[in-house]
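Following: one structure in structure tokens, then a few remarks.
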Amino acid sequence: MKLSLKRLFGRSMTGGLDLAEAPTPPSPRSAARKTALVSLALVLAIIGALAGGYYFAMRPVTLKIAVGPANSDDVKVVQALTQAFSQNKSQVRLRPIQTDGATASAEALAEGKVDLAIVRGDVDVPKNAQAVATLRKNVVVLWSVQGKGKKKGPKITKIAQLAGHRVGVVGRTQANVNLLKVILQQYGVDPAKVDIIQFPANEAAEAIKSQKADVYLAAGPVNSKITADAIAASIKDFGAPTFLAIDSADAIAQNHPVYEASEIPAGTYGGSPARPEDEVKTISFSHHIVARKGVSETTIAAFTRQLFAVRQQLVTEFPLAAKIETPDTDKDAVIPVHPGAAAFVDGEEKTFLDKYSDYIWWGLMALSAMGSLGAWFAGYLKKDERDNNSHLRERLLDMIAAARKSETTEELDQMQAEADEILRDTLRCFDHGAIEEGSLAAFNIALDQFHAAVADRKAVLFSLQQNLQRTGAQFRAAGNA
């Protein structure tokens with residue numbers, strides 16, 4: 001039942017006068033309105049918390065990536081990826097950290113200085129590294145040249161003939177030397193009996209012209225410009241080279257899982273006749289993009305998705321970008337795959353709700369529990385006030401019986417004044433939310449009964465007073481007669 005507060009003030013409480021003559025108490029705030037405001041504030045707080053969580057979850061993340069050496073194809077590809085991610089306003093951004101090479105990059109990752117690194121698959125991969133993508137595959141190219149003058153020696157056509165000869169390794173990285181030693185050992189050639197000479201890639205043409213070696217080794221993509229330029233320098237100074245096949249490539253791959261058996265297609269390095277004239281068997285290894293084990297699964301999944309999304313955009317400027325492949329997700333992979341990359345490859349990448357639905361659910365449950373606890377606590381704090389008002393209402397009911405037995409109007413006026421105080425206390429409790437409208441309605445019924453009892457008793461007392469006065473007048477009149 002909806003209670004009209006006007007009705008509560010509409011009845012006389014002091015000597016039969018209308019309360020309009022007395023100061024009107026302030027209108028109490030409805031408990032339902034309080035509840036609605038608190039609920040609205042709670043909803044807004046939840047929305048704000050969700051919006052804040054979404055903002056922090058989706059804000060751009062910058063990953064540091066180690067790559068080197070300077071001016072290498074790897075550095076150029078990473079720089080192109082960095083620009084593409086920035087232009088596309090991607091969730092994951094890159095900050096290249098230049099190193100001296102793949103080995104230095106691997107060390108930076110192992111020390112936790114970077115989040116990503118470009119490493120060679122045949123170097124010591126850090127234990128905390130997990131594969132994200134295969135950047136490219138590299139093949140080993142071995143070729144011999146026929147020297148001139150005093151340096152002209154027997155023609156070398158097989159790897160087994162390398163003992164006692166000089167082998168020039170293109171590039172300064174020790175990894176290429178280690179690779180040559182693996183090949184020599186497979187063919188039973190003692191590396192100590194081979195004179196290994198290293199020189200930078202930009203000095204390859206001069207080294208070949210100076211006849212510093214009898215056989216040369218280069219490692220890089222099939223279409224590597226460094227390898228192609230070195231072979232072109234050999235042809236220019238000494239004529240068509242002889243390509244040395246690694247026929248035991250399968251055995252090497254079996255003994256060293258970081259390598260794979262591969263082939264150099266006929267005519268890869270042009271010429272007429274084609275160079276090489278026939279397909280040449282060799283071994284290959286990969287350059288990988290690896291992530292530090294502690295990097296978030298969500299972040300790496302987003303990075304992998306972006307990487308393959310922009311790959312085709314980079315092909316025109318960087319043909320090597322077309323060689324980017326997904327990592328090996330097998331459990332026995334040489335480099336274990338990062339869970340984030342595996343989720344992308346397997347199509348199990350989680351959405352925002354998939355990742356945070358549990359947190360949202362438990363958060364709402366916690367807020368609901370806190371709301372209920374808060375309501376209980378608020379009610380507990382008002383328990384004394386509510387109990388006191390209950391006693392006052394019982395007092396008002398007792399006053400109804402007392403009013404019907406009152407002998408004087410002075411007693412009724414005192415009870416009326418006490419009822420006024422009870423009314424003020426009741427309205428104060430209602431304004432504080434200690435009692436609800438149902439309790440206020442019950443109080444109003446009791447107050448109506450009290451007013452009726454007072455009015456009835458005053459009428460009786462007034463009638464008795466008139467009768468007494470009339471009887472007294474009759475006695476006085478009789479006495480005078």
Side-chain angles (χ1 to χ4, degrees), residues 1-38 375-476:
M1 178 178 68
K2 200 76 173 177
L3 178 65
S4 173
L5 295 178
K6 290 183 179 179
R7 181 183 173 194
L8 193 62
F9 290 99
R11 184 177 292 275
S12 169
M13 293 193 303
T14 55
L17 297 177
D18 194 302
L19 280 179
E21 299 177 5
T24 303
S27 176
R29 179 185 295 177
S30 169
R33 184 182 177 192
K34 282 184 178 181
T35 303
L37 291 174
V38 172
W376 174 86
F377 188 68
Y380 177 78
L381 292 178
K382 296 173 183 176
K383 181 177 181 297
D384 293 341
E385 190 175 3
R386 186 166 54 251
D387 291 343
N388 181 59
N389 184 260
S390 179
H391 292 316
L392 292 177
R393 187 175 64 186
E394 293 297 325
R395 169 60 184 160
L396 184 62
L397 293 174
D398 294 338
M399 288 166 58
I400 294 174
R404 291 196 176 100
K405 299 177 182 179
S406 178
E407 298 295 336
T408 65
T409 56
E410 287 78 7
E411 291 180 0
L412 294 175
D413 290 341
Q414 290 177 358
M415 285 188 282
Q416 187 70 66
E418 186 178 352
D420 291 346
E421 292 299 324
I422 293 175
L423 173 60
R424 290 189 183 93
D425 185 80
T426 301
L427 292 178
R428 190 181 305 111
C429 289
F430 178 73
D431 188 45
H432 293 168
I435 61 174
E436 299 178 351
E437 288 191 2
S439 299
L440 196 62
F443 173 80
N444 188 45
I445 294 173
L447 188 62
D448 284 344
Q449 292 295 317
F450 173 76
H451 286 320
V454 170
D456 292 343
R457 189 58 182 172
K458 281 187 175 182
V460 171
L461 292 175
F462 183 73
S463 176
L464 289 174
Q465 185 179 7
Q466 286 184 333
N467 288 337
L468 288 173
Q469 290 176 353
R470 189 180 300 113
T471 301
Q474 290 177 351
F475 279 125
R476 285 194 298 272

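What you see below is based on every heavy atom in this structure, not just the backbone, and it leaves out hydrogens, waters and symmetry mates. Heads up: numbering here begins at 1 and tracks the sequence. Note that this is a predicted model, so its numbers are computed, not measured.
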Taking C-beta and beyond as the side chain, do [X] and [Y] meet within less than 4.5 Å on heavy atoms?
X      : Y      : value
Leu397 : Glu394 : yes
Leu412 : Arg457 : yes
Phe462 : Thr409 : no

### Query
In this structure, which one of Met415, Lys458, Met399 forms a side-chain contact (heavy atoms from CB on, under 4.5 Å) with Ser406?
Met415

Which distance, rounded to the nearest 0.5 Å, do you find between the [atom1] of [X] and the [atom2] of [Y]?
X      : Y      : atom1 : atom2 : value
Ile400 : Leu447 : CD1   : CG    : 8.5 Å
Leu423 : Phe450 : CG    : CZ    : 11.0 Å
Asp413 : Glu418 : CG    : CD    : 13.0 Å

### Query
Considering all heavy atoms of both residues, which atom of Glu421 and which atom of Arg424 are nearest to each other, and what is their separation?
OE2-NH1, 3.1 Å

#### Entry: Test item: Ser463 side-chain N/O and Ala459 main-chain N/O as donor-acceptor pair under 3.5 Å
no

### Salt-bridge contact Arg395-Asp398 (side-chain N to carboxylate O under 4.0 Å)
no

